[in-house]
Amino acid sequence: MSSATAIRQEIESSLAARIPGALSVRFPQAPEMVATGIAEVDGLLSGGLPLGELSEIVGPACSGKTTLVSSLLAGVTRQGAACAYVDVADAFDPLSAAALGIDLGRLLWVRAGRTLERSAERSSWARLDQALRATDLLLSAGGFRVVVLDTGSVLDVGAEKVRRVPLASWYRYRLQAEKSRALFLLLTQTPCAKSCASVVLHCGDVRERWESAAEKGLPLLGGFEFNVSADRKRGALREAMPSFSFGKKPVCATETSWKRTTQWAR
(Lines give C-alpha, C1' and ligand atoms only; values in the text may rest on other atoms or scores of the structure.)
Protein backbone atom coordinates (compact mmCIF):
# COMPACT_ATOMS: atom_id res chain seq x y z
CA MET A 1 0.00 0.00 0.00
CA SER A 2 1.42 3.38 -1.01
CA SER A 3 1.88 6.16 1.48
CA ALA A 4 -0.67 8.35 -0.31
CA THR A 5 -3.32 5.62 -0.08
CA ALA A 6 -2.54 5.05 3.60
CA ILE A 7 -2.82 8.78 4.34
CA ARG A 8 -6.14 9.01 2.49
CA GLN A 9 -7.58 6.05 4.38
CA GLU A 10 -6.41 7.51 7.68
CA ILE A 11 -8.07 10.86 6.89
CA GLU A 12 -11.32 9.19 5.78
CA SER A 13 -11.45 7.00 8.88
CA SER A 14 -10.97 10.01 11.16
CA LEU A 15 -13.77 11.94 9.38
CA ALA A 16 -16.10 8.97 8.82
CA ALA A 17 -18.47 9.98 11.62
CA ARG A 18 -19.07 13.44 10.17
CA ILE A 19 -18.23 13.10 6.44
CA PRO A 20 -18.41 9.49 5.16
CA GLY A 21 -16.01 8.94 2.27
CA ALA A 22 -14.64 12.47 2.47
CA LEU A 23 -11.91 11.94 -0.14
CA SER A 24 -13.76 9.45 -2.34
CA VAL A 25 -15.19 10.42 -5.71
CA ARG A 26 -18.98 10.33 -5.75
CA PHE A 27 -20.69 9.78 -9.07
CA PRO A 28 -24.23 11.09 -9.69
CA GLN A 29 -26.97 8.53 -9.20
CA ALA A 30 -29.94 8.20 -11.53
CA PRO A 31 -33.00 9.70 -9.80
CA GLU A 32 -36.23 7.83 -9.20
CA MET A 33 -38.77 8.58 -11.92
CA VAL A 34 -42.46 9.42 -11.57
CA ALA A 35 -44.36 8.09 -14.58
CA THR A 36 -46.82 10.41 -16.30
CA GLY A 37 -49.10 7.52 -17.24
CA ILE A 38 -48.81 8.42 -20.95
CA ALA A 39 -46.62 5.90 -22.75
CA GLU A 40 -45.41 8.32 -25.42
CA VAL A 41 -44.36 10.97 -22.90
CA ASP A 42 -42.75 8.44 -20.56
CA GLY A 43 -40.77 7.10 -23.50
CA LEU A 44 -39.63 10.61 -24.36
CA LEU A 45 -38.50 11.16 -20.76
CA SER A 46 -36.87 7.73 -20.33
CA GLY A 47 -39.38 6.68 -17.68
CA GLY A 48 -40.99 9.88 -16.41
CA LEU A 49 -40.16 13.02 -14.43
CA PRO A 50 -37.33 12.90 -11.85
CA LEU A 51 -38.34 12.76 -8.20
CA GLY A 52 -36.79 15.35 -5.88
CA GLU A 53 -36.37 17.96 -8.60
CA LEU A 54 -38.20 20.83 -10.30
CA SER A 55 -39.85 20.16 -13.64
CA GLU A 56 -41.60 22.79 -15.75
CA ILE A 57 -44.50 22.23 -18.16
CA VAL A 58 -44.94 25.16 -20.52
CA GLY A 59 -47.67 25.92 -23.02
CA PRO A 60 -50.69 28.09 -23.85
CA ALA A 61 -54.21 27.37 -22.66
CA CYS A 62 -55.80 24.18 -24.03
CA SER A 63 -52.41 22.72 -25.01
CA GLY A 64 -52.67 19.59 -22.84
CA LYS A 65 -50.80 20.74 -19.72
CA THR A 66 -53.66 19.98 -17.33
CA THR A 67 -54.43 16.64 -19.01
CA LEU A 68 -50.78 15.62 -18.72
CA VAL A 69 -50.57 16.61 -15.05
CA SER A 70 -53.91 14.94 -14.28
CA SER A 71 -52.65 11.67 -15.76
CA LEU A 72 -49.56 11.86 -13.55
CA LEU A 73 -51.58 12.70 -10.43
CA ALA A 74 -54.00 9.84 -11.14
CA GLY A 75 -51.15 7.34 -11.18
CA VAL A 76 -49.51 8.72 -8.04
CA THR A 77 -52.73 8.88 -5.98
CA ARG A 78 -53.67 5.35 -7.07
CA GLN A 79 -50.40 4.22 -5.49
CA GLY A 80 -51.55 5.69 -2.17
CA ALA A 81 -49.29 8.76 -2.15
CA ALA A 82 -50.46 12.26 -1.24
CA CYS A 83 -50.24 15.16 -3.71
CA ALA A 84 -50.88 18.90 -3.56
CA TYR A 85 -52.25 21.22 -6.24
CA VAL A 86 -51.74 24.97 -5.77
CA ASP A 87 -54.29 26.66 -8.02
CA VAL A 88 -53.59 30.35 -8.67
CA ALA A 89 -56.50 30.90 -11.08
CA ASP A 90 -59.05 28.77 -9.21
CA ALA A 91 -59.51 26.79 -12.44
CA PHE A 92 -59.07 23.24 -11.12
CA ASP A 93 -62.19 21.12 -11.70
CA PRO A 94 -62.59 18.30 -9.13
CA LEU A 95 -65.26 16.51 -11.18
CA SER A 96 -63.04 16.34 -14.26
CA ALA A 97 -60.11 15.29 -12.08
CA ALA A 98 -62.12 12.45 -10.56
CA ALA A 99 -63.24 11.36 -14.03
CA LEU A 100 -59.58 11.16 -15.10
CA GLY A 101 -58.83 8.82 -12.19
CA ILE A 102 -57.43 11.16 -9.52
CA ASP A 103 -58.17 10.06 -5.96
CA LEU A 104 -59.46 13.33 -4.50
CA GLY A 105 -59.07 11.93 -0.99
CA ARG A 106 -55.29 12.03 -1.50
CA LEU A 107 -55.13 15.43 -3.21
CA LEU A 108 -54.79 18.71 -1.31
CA TRP A 109 -56.34 21.50 -3.41
CA VAL A 110 -55.03 24.94 -2.45
CA ARG A 111 -57.20 27.68 -3.95
CA ALA A 112 -54.79 30.59 -3.73
CA GLY A 113 -56.40 34.01 -3.38
CA ARG A 114 -59.92 32.61 -3.15
CA THR A 115 -60.86 35.20 -0.51
CA LEU A 116 -59.13 38.10 -2.26
CA GLU A 117 -60.86 40.63 -4.46
CA ARG A 118 -60.61 39.67 -8.12
CA SER A 119 -61.17 42.93 -9.95
CA ALA A 120 -58.18 44.99 -8.89
CA GLU A 121 -54.73 44.72 -10.44
CA ARG A 122 -53.21 44.04 -7.04
CA SER A 123 -55.41 40.94 -6.79
CA SER A 124 -53.40 39.02 -9.39
CA TRP A 125 -50.18 39.88 -7.59
CA ALA A 126 -51.71 38.92 -4.25
CA ARG A 127 -52.93 35.58 -5.59
CA LEU A 128 -49.52 34.78 -7.06
CA ASP A 129 -47.79 35.78 -3.83
CA GLN A 130 -50.18 33.66 -1.78
CA ALA A 131 -49.60 30.70 -4.11
CA LEU A 132 -45.82 31.02 -3.78
CA ARG A 133 -46.10 31.14 0.00
CA ALA A 134 -48.33 28.06 0.01
CA THR A 135 -45.89 26.21 -2.24
CA ASP A 136 -43.04 27.12 0.11
CA LEU A 137 -44.96 25.70 3.09
CA LEU A 138 -45.94 22.49 1.28
CA LEU A 139 -42.41 21.73 0.10
CA SER A 140 -40.94 22.55 3.52
CA ALA A 141 -43.48 20.42 5.39
CA GLY A 142 -42.88 17.33 3.27
CA GLY A 143 -45.18 14.33 3.03
CA PHE A 144 -46.26 15.05 -0.55
CA ARG A 145 -44.90 13.02 -3.44
CA VAL A 146 -45.99 15.61 -6.02
CA VAL A 147 -46.56 19.36 -5.55
CA VAL A 148 -48.07 21.23 -8.51
CA LEU A 149 -48.04 25.01 -8.89
CA ASP A 150 -50.47 26.03 -11.64
CA THR A 151 -49.95 29.71 -12.47
CA GLY A 152 -53.04 29.85 -14.71
CA SER A 153 -53.47 31.56 -18.06
CA VAL A 154 -52.49 34.98 -19.32
CA LEU A 155 -55.96 36.31 -18.46
CA ASP A 156 -55.68 35.09 -14.86
CA VAL A 157 -52.28 36.27 -13.64
CA GLY A 158 -50.19 37.14 -16.66
CA ALA A 159 -47.00 35.55 -17.88
CA GLU A 160 -44.99 38.72 -17.23
CA LYS A 161 -45.86 38.57 -13.52
CA VAL A 162 -44.69 34.97 -13.21
CA ARG A 163 -41.47 35.81 -15.04
CA ARG A 164 -40.75 38.48 -12.41
CA VAL A 165 -40.50 35.85 -9.68
CA PRO A 166 -36.80 35.88 -8.67
CA LEU A 167 -34.69 32.98 -9.84
CA ALA A 168 -33.60 32.53 -6.23
CA SER A 169 -37.18 31.51 -5.36
CA TRP A 170 -37.20 28.69 -7.93
CA TYR A 171 -33.78 27.62 -6.70
CA ARG A 172 -35.06 27.46 -3.12
CA TYR A 173 -38.07 25.41 -4.22
CA ARG A 174 -35.79 23.01 -6.07
CA LEU A 175 -33.67 22.48 -2.95
CA GLN A 176 -36.79 21.95 -0.85
CA ALA A 177 -38.10 19.39 -3.33
CA GLU A 178 -34.78 17.57 -3.22
CA LYS A 179 -34.79 17.54 0.58
CA SER A 180 -38.40 16.32 0.88
CA ARG A 181 -38.07 13.85 -2.02
CA ALA A 182 -40.99 15.43 -3.87
CA LEU A 183 -41.60 16.18 -7.53
CA PHE A 184 -42.27 19.90 -7.91
CA LEU A 185 -44.24 20.63 -11.10
CA LEU A 186 -44.49 24.21 -12.36
CA LEU A 187 -47.21 24.95 -14.95
CA THR A 188 -46.62 28.19 -16.83
CA GLN A 189 -47.36 29.95 -20.11
CA THR A 190 -43.68 30.70 -20.81
CA PRO A 191 -40.47 29.27 -19.27
CA CYS A 192 -39.70 30.87 -15.90
CA ALA A 193 -37.51 28.53 -13.81
CA LYS A 194 -34.66 28.58 -16.35
CA SER A 195 -31.61 26.64 -15.10
CA CYS A 196 -33.44 25.54 -11.94
CA ALA A 197 -35.63 23.16 -13.94
CA SER A 198 -34.28 19.68 -14.55
CA VAL A 199 -36.94 18.96 -17.18
CA VAL A 200 -38.77 21.47 -19.39
CA LEU A 201 -41.72 20.17 -21.39
CA HIS A 202 -43.28 22.36 -24.07
CA CYS A 203 -46.90 21.56 -24.95
CA GLY A 204 -47.58 22.72 -28.48
CA ASP A 205 -50.40 22.68 -30.99
CA VAL A 206 -53.48 20.52 -30.49
CA ARG A 207 -55.25 18.82 -33.40
CA GLU A 208 -58.84 17.64 -33.21
CA ARG A 209 -59.80 14.19 -34.43
CA TRP A 210 -63.24 14.03 -36.00
CA GLU A 211 -65.26 10.90 -36.67
CA SER A 212 -68.55 10.22 -38.41
CA ALA A 213 -71.57 9.40 -36.27
CA ALA A 214 -72.87 5.95 -37.14
CA GLU A 215 -76.57 6.79 -37.30
CA LYS A 216 -76.84 10.34 -38.68
CA GLY A 217 -73.53 10.67 -40.46
CA LEU A 218 -72.75 13.90 -38.62
CA PRO A 219 -69.19 14.82 -37.60
CA LEU A 220 -68.35 13.72 -34.06
CA LEU A 221 -65.39 14.95 -32.04
CA GLY A 222 -63.46 11.76 -31.36
CA GLY A 223 -60.53 13.19 -29.43
CA PHE A 224 -57.40 15.29 -29.54
CA GLU A 225 -53.77 14.81 -30.55
CA PHE A 226 -51.28 16.69 -28.37
CA ASN A 227 -47.69 17.56 -29.23
CA VAL A 228 -45.01 17.84 -26.55
CA SER A 229 -41.27 18.47 -26.73
CA ALA A 230 -38.59 18.06 -24.07
CA ASP A 231 -36.11 20.91 -24.30
CA ARG A 232 -34.18 19.85 -21.20
CA LYS A 233 -33.92 16.33 -19.78
CA ARG A 234 -31.12 16.51 -17.23
CA GLY A 235 -32.53 13.95 -14.82
CA ALA A 236 -33.29 11.43 -17.54
CA LEU A 237 -29.84 11.73 -19.09
CA ARG A 238 -27.83 10.89 -16.00
CA GLU A 239 -27.92 7.17 -16.72
CA ALA A 240 -26.45 7.81 -20.16
CA MET A 241 -23.65 10.02 -18.86
CA PRO A 242 -20.19 8.46 -18.62
CA SER A 243 -19.02 7.98 -15.04
CA PHE A 244 -15.99 10.16 -15.63
CA SER A 245 -17.88 13.17 -16.93
CA PHE A 246 -17.71 16.16 -14.58
CA GLY A 247 -18.73 18.84 -17.07
CA LYS A 248 -22.09 20.44 -17.73
CA LYS A 249 -24.93 17.99 -18.10
CA PRO A 250 -25.94 17.50 -21.75
CA VAL A 251 -29.14 19.05 -23.01
CA CYS A 252 -31.21 17.71 -25.90
CA ALA A 253 -34.50 18.56 -27.59
CA THR A 254 -36.89 15.83 -28.74
CA GLU A 255 -40.62 15.69 -29.29
CA THR A 256 -43.51 13.29 -29.49
CA SER A 257 -47.31 13.27 -29.74
CA TRP A 258 -50.03 11.50 -27.80
CA LYS A 259 -53.77 11.11 -28.20
CA ARG A 260 -56.82 11.34 -25.97
CA THR A 261 -60.21 9.93 -26.95
CA THR A 262 -63.43 11.56 -25.77
CA GLN A 263 -65.65 9.47 -23.53
CA TRP A 264 -68.59 9.48 -25.95
CA ALA A 265 -66.36 8.17 -28.79
CA ARG A 266 -65.09 5.13 -26.87
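Side-chain atoms are counted along with the backbone in the values below, which use heavy atoms only and exclude waters and symmetry mates.
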Could you walk me through whether L201 and S55 satisfy the side chain to side chain contact (heavy atoms under 4.5 Å, CB included) test, starting with their C-alpha distance in whole Å, then the side-chain angles of each, then the deciding distance to 0.1 Å, before giving a yes or no?
CA-CA 8 Å; L201 290 178; S55 296; over 6 Å; no
Set out, in order, the CA-CA distance, both residues' side-chain angles and the distance that settles side chain to side chain contact (heavy atoms under 4.5 Å, CB included) for V146 and F184, then state yes or no.
CA-CA 6 Å; V146 179; F184 177 40; over 6 Å; no
List the steps and the verdict of side chain to side chain contact (heavy atoms under 4.5 Å, CB included) for D136 and R133.
CA-CA 5 Å; D136 197 354; R133 292 174 183 271; 5.5 Å; no
Step by step, would you call S257 with V228 a side chain to side chain contact (heavy atoms under 4.5 Å, CB included)?
CA-CA 6 Å; S257 62; V228 61; over 6 Å; no
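Shown here for P191 and H202, the closest heavy-atom pair between the two residues is CG-CE1, 3.7 Å. When all heavy atoms of G37 and D42 are compared, the closest pair comes out as N-OD2, 3.3 Å. Among all heavy-atom pairs drawn from A84 and L138, the shortest one is CB-CD1, 3.8 Å. In plain terms, the two heavy atoms of G152 and A89 that are nearest each other are CA-CB, 4.0 Å. Taking every heavy atom of both residues into account, E255 and S229 meet most closely at CB-CB, 3.7 Å. The two residues L104 and A97 have their closest heavy-atom pair at CD2-CB, 4.2 Å.
With T77 contributing its side chain and L73 its backbone, the two residues share a donor-acceptor pair below 3.5 Å. In this structure, S71 contributes its side chain and L68 its backbone to no donor-acceptor pair below 3.5 Å. Listed for the S140 side chain is no donor-acceptor partner under 3.5 Å among the backbone atoms of L137.
The hydrophobic cluster containing L183 does not contain Y171, counting ILVMFWY residues as joined when their side-chain heavy atoms lie under 4.5 angstrom apart, directly or transitively. Linking Ile, Leu, Val, Met, Phe, Trp and Tyr residues whenever their side-chain heavy atoms come within less than 4.5 Å places L139 and V165 in a single cluster. L167 and L128 fall within a single hydrophobic cluster, where Ile, Leu, Val, Met, Phe, Trp and Tyr side chains are chained together by heavy-atom contacts under 4.5 Å. Linking ILVMFWY side-chain heavy atoms closer than 4.5 Å, directly or via other members, places V86 and L108 in a single hydrophobic cluster.
By the 4.0 Å N-to-carboxylate-O rule, D87 lies too far from R111 to be salt-bridged with it. Between R106 and D103 there is a salt bridge, since at least one side-chain N of the basic residue sits less than 4.0 Å from a carboxylate O of the acidic one. The pair E53-R181 fails the salt-bridge criterion, with no side-chain N (NZ, NE, NH1 or NH2) lying under 4.0 Å from an Asp/Glu carboxylate O.
Between the SG atom of C196 and the CZ atom of R172 there is a distance of 11.0 Å, given to the nearest 0.5 Å. To the nearest 0.5 Å, atoms CG (L49) and CD (E56) are separated by 12.0 Å. One distance of note links OH of Y85 with OG of S70; it measures 6.5 Å at 0.5 Å rounding. In this structure, CG in L149 is found 10.0 Å from SG in C192, a value given to the nearest 0.5 Å. A distance of 10.5 Å separates NZ of K161 from CZ of R163, quoted to the nearest 0.5 Å. Note that NZ of K194 is 14.0 Å distant from CG of L54, once rounded to the nearest 0.5 Å.
With contacts defined as side-chain heavy-atom distances shorter than 4.5 Å, the pair L186/T151 qualifies. Between I38 and L72, every side-chain heavy-atom pair lies at or beyond the 4.5 Å cut-off. Residues P50 and E32 form no side-chain contact, since every pair of their non-hydrogen atoms from C-beta on lies 4.5 Å or further apart. Counting heavy atoms from C-beta on, the side chains of S46 and M33 never come closer than 4.5 Å. Side-chain contact between L45 and V199 is present, with at least one heavy-atom pair separated by less than 4.5 Å.
Between Y173 and W170, the ring planes are perpendicular. Angles over 60° get that label, and only those under 30° would be called parallel.
The one candidate from T188, L187, L185, V69 that meets the side-chain contact (heavy atoms from CB on, under 4.5 Å) condition with D150 is L187.
A donor-acceptor contact closer than 3.5 angstrom is absent between the side chains of T256 and E40.
Partners of S63 by side-chain contact (heavy atoms from CB on, under 4.5 Å), not counting sequence neighbours, listed by chain and number: P60, K65, C203.
Screening residues 93-102 for salt bridge (charged side-chain N to carboxylate O under 4.0 Å, His left out) gives no qualifying pairs among residues at least two apart or on separate chains.
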